[in-house]
Amino acid sequence: MKLEEYQTAKSALETGAALAPAESRFSKLIKECEERIAEETGDLSMQMPEALAKNDVPAKEIELDKDQPNLEIEAAPPKPAYRHEFYQKPEEVVVTIFAKGIPHDCVKVDYGEQTLSVAINAPGKEAYHFQPRLFAKIIPEKCRYDVLSTKVEIRLAKSVPIHWTSLEFSREVAITQRVNVSSVSASQRPSYPSSKPQRVDWDKIEAQVKKEEKDEKLDGDAALNKFFRDIYKDADEDTRRAMQKSFVESNGTVLSTNWKEVGAKKVEGSPPDGMEMKKWEY
């Protein structure tokens, strides 16, 4: 993203999101990439009318062909009766159709290997049909749906825990496959499509990001927690056991790294000055 290679960055972030779906920062960065790409596309579209204006032919030079048939403007497709959206988890995709006050027996949902079919036929309302080809395969026998007072909620069990970039299948969108990180050596690092000619040193960028994280300045409790994490990460087995035992047995008031001292006895709580410990009864 710092090199302004937004298509490349988006591809890398989507792979990262597939490997670590719980990381919310991936979706934020992917959204930022899409905004940047949209800005670049918008700049190009603004330039096109100017170029066409230079090549305009004066109206008086244009002669209409009498034999040319009249062009008919096609009507826009009708707006669906209900709005739908989706979100996903590592193991499932949840499709929500916002249909208010629909009886359960008026809703029919069928599942295929890579298809979904939803039909809503409520008395006095326009019939609704939604039959998309899905982004990836699902497990029909594990899928289910619920008809609620304001919506129909459909849960699709993913066949493979990959990140869906859209609900519906598109030939222009390639499915992001799972990557076995341990099997990817330094010489086999994945490469991504780039709109710029120069070669990118991804190892250098990775090292720079790690250095920024390491040098990040923290204050208060965040700085203290980081300090203890660093001690635990670099400690030997006895030191870690001592830290865990002292912290748990003292209810979080004592943190010792001396296993010989805390290993032989129970660690009593030691509240800060001016405070006293009380047992919580429930």
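Keep in mind that the numbers below use all heavy atoms, side chains included, and drop hydrogens, waters and symmetry copies.
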Taking atom CD of Glu141 as the centre, does the number of heavy atoms from other residues, nucleotides or ligands within less than 6.0 Å exceed 12?
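Count over threshold, so yes.
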
Within a radius of less than 6.0 Å around NZ of Lys31, do more than 12 heavy atoms belonging to other residues, nucleotides or ligands occur?
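No, NZ of Lys31 has 12 or fewer neighbouring heavy atoms, counting only those of other groups under 6.0 Å.
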
Just wondering, do [Y] and [X] contact through their side chains at under 4.5 Å, heavy atoms?
X: His84; Y: Phe130; value: yes
X: Cys143; Y: Ile138; value: yes
X: Val109; Y: Val107; value: yes
X: Tyr145; Y: His104; value: yes
X: Gln244; Y: Tyr232; value: yes
X: Val118; Y: His129; value: no

Under the side chain to side chain contact (heavy atoms under 4.5 Å, CB included) rule, what do Val152 and Ile154 come out as? Steps first, then yes or no, please.
CA-CA 7 Å; Val152 178; Ile154 305 164; 4.2 Å; yes

Contacts of [X] that satisfy side chain to side chain donor-acceptor pair (under 3.5 Å) - sequence neighbours left out:
X: Arg83; value: Glu85
X: Thr239; value: Asp236
X: Arg133; value: none
X: Glu35; value: none

Cut-off 3.5 Å, no hydrogens considered: what does the side-chain donor-acceptor table look like for residues 249-256, sequence neighbours left out?
from: Glu249; atom 1: OE1; to: Lys245; atom 2: NZ; distance (Å): 2.9
from: Glu249; atom 1: OE1; to: Val267; atom 2: N; distance (Å): 2.8
from: Glu249; atom 1: OE2; to: Lys245; atom 2: NZ; distance (Å): 3.1
from: Ser250; atom 1: OG; to: Ser246; atom 2: O; distance (Å): 2.6
from: Ser250; atom 1: OG; to: Thr253; atom 2: N; distance (Å): 3.3
from: Ser250; atom 1: OG; to: Val254; atom 2: N; distance (Å): 2.9
from: Ser250; atom 1: OG; to: Val254; atom 2: O; distance (Å): 3.3
from: Thr253; atom 1: OG1; to: Ser250; atom 2: O; distance (Å): 2.7
from: Thr253; atom 1: OG1; to: Ser270; atom 2: N; distance (Å): 2.9
from: Ser256; atom 1: OG; to: Asn258; atom 2: N; distance (Å): 3.2

Test: salt bridge (Lys or Arg N to Asp or Glu O under 4.0 Å). Region: residues 255-269. Which pairs qualify, not counting sequence neighbours?
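Non-adjacent pairs meeting salt bridge (Lys or Arg N to Asp or Glu O under 4.0 Å): zero.
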
Looking at residues at least two apart in the chain, or sitting in another chain, which of them share a salt bridge (charged side-chain N to carboxylate O under 4.0 Å, His left out) with Arg240?
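If we apply the salt bridge (charged side-chain N to carboxylate O under 4.0 Å, His left out) test to Arg240, skipping adjacent residues, there are no hits.
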
In chain order, what residues pass the salt bridge (charged side-chain N to carboxylate O under 4.0 Å, His left out) check against Glu237, with sequence neighbours excluded?
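Once residues adjacent in sequence are excluded, Glu237 has no partner under the salt bridge (charged side-chain N to carboxylate O under 4.0 Å, His left out) criterion.
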
Ring center gap for Phe135 and Phe169 short of 6.0 angstrom
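Not under 6.0 Å, so no.
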
How long is the straight-line distance from [atom2] of [Y] back to [atom1] of [X], given to the nearest 0.5 Å?
X: Arg144; Y: Leu156; atom1: CZ; atom2: CG; result: 11.0 Å
X: Lys137; Y: Ser159; atom1: NZ; atom2: OG; result: 7.0 Å
X: Gln208; Y: Asp203; atom1: CD; atom2: CG; result: 13.0 Å
X: Ile139; Y: Glu113; atom1: CD1; atom2: CD; result: 10.5 Å

Holding to ring-ring contact (aromatic ring centres under 6.0 Å, His included), I want the full list of residues that pass it with Tyr111, two or more places apart in sequence or in another chain.
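Tyr111: no ring-ring contact (aromatic ring centres under 6.0 Å, His included) contacts found.
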
Under the ring-ring contact (aromatic ring centres under 6.0 Å, His included) test, which residues partner Phe247, sequence neighbours left out?
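Not a single residue meets the ring-ring contact (aromatic ring centres under 6.0 Å, His included) criterion with Phe247.
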
Acceptor/donor pairs from residues 86-103 side chains to any protein atom, 3.5 angstrom cut, sequence neighbours excluded:
from: Gln88; atom 1: OE1; to: Lys158; atom 2: NZ; distance (Å): 2.8
from: Gln88; atom 1: OE1; to: Trp164; atom 2: N; distance (Å): 3.0
from: Gln88; atom 1: NE2; to: Trp164; atom 2: O; distance (Å): 2.6
from: Glu92; atom 1: OE2; to: Arg155; atom 2: NH1; distance (Å): 2.7

Suppose clustering is done on Ile, Leu, Val, Met, Phe, Trp and Tyr with side-chain heavy atoms closer than 4.5 Å. Which residues sit in the same group as Met1?
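Traced through the cluster, Met1 reaches Leu13, Phe26, Leu29, Ile30.
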
So, does Gln114 use its side chain to make a donor-acceptor pair with the main chain of Leu134 at under 3.5 Å?
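It does hold such a pair.
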
Take Gln7 and Ile37 through the side chain to side chain contact (heavy atoms under 4.5 Å, CB included) test and state the conclusion after the steps.
CA-CA 7 Å; Gln7 290 285 4; Ile37 293 169; 3.7 Å; yes

Assess the residue pair Arg36 and Glu4 against the criterion (side chain to side chain contact (heavy atoms under 4.5 Å, CB included)); give the C-alpha distance rounded to whole Å, side-chain angles, the decisive distance to 0.1 Å, and a yes or no.
CA-CA 9 Å; Arg36 301 290 187 183; Glu4 298 182 1; over 6 Å; no

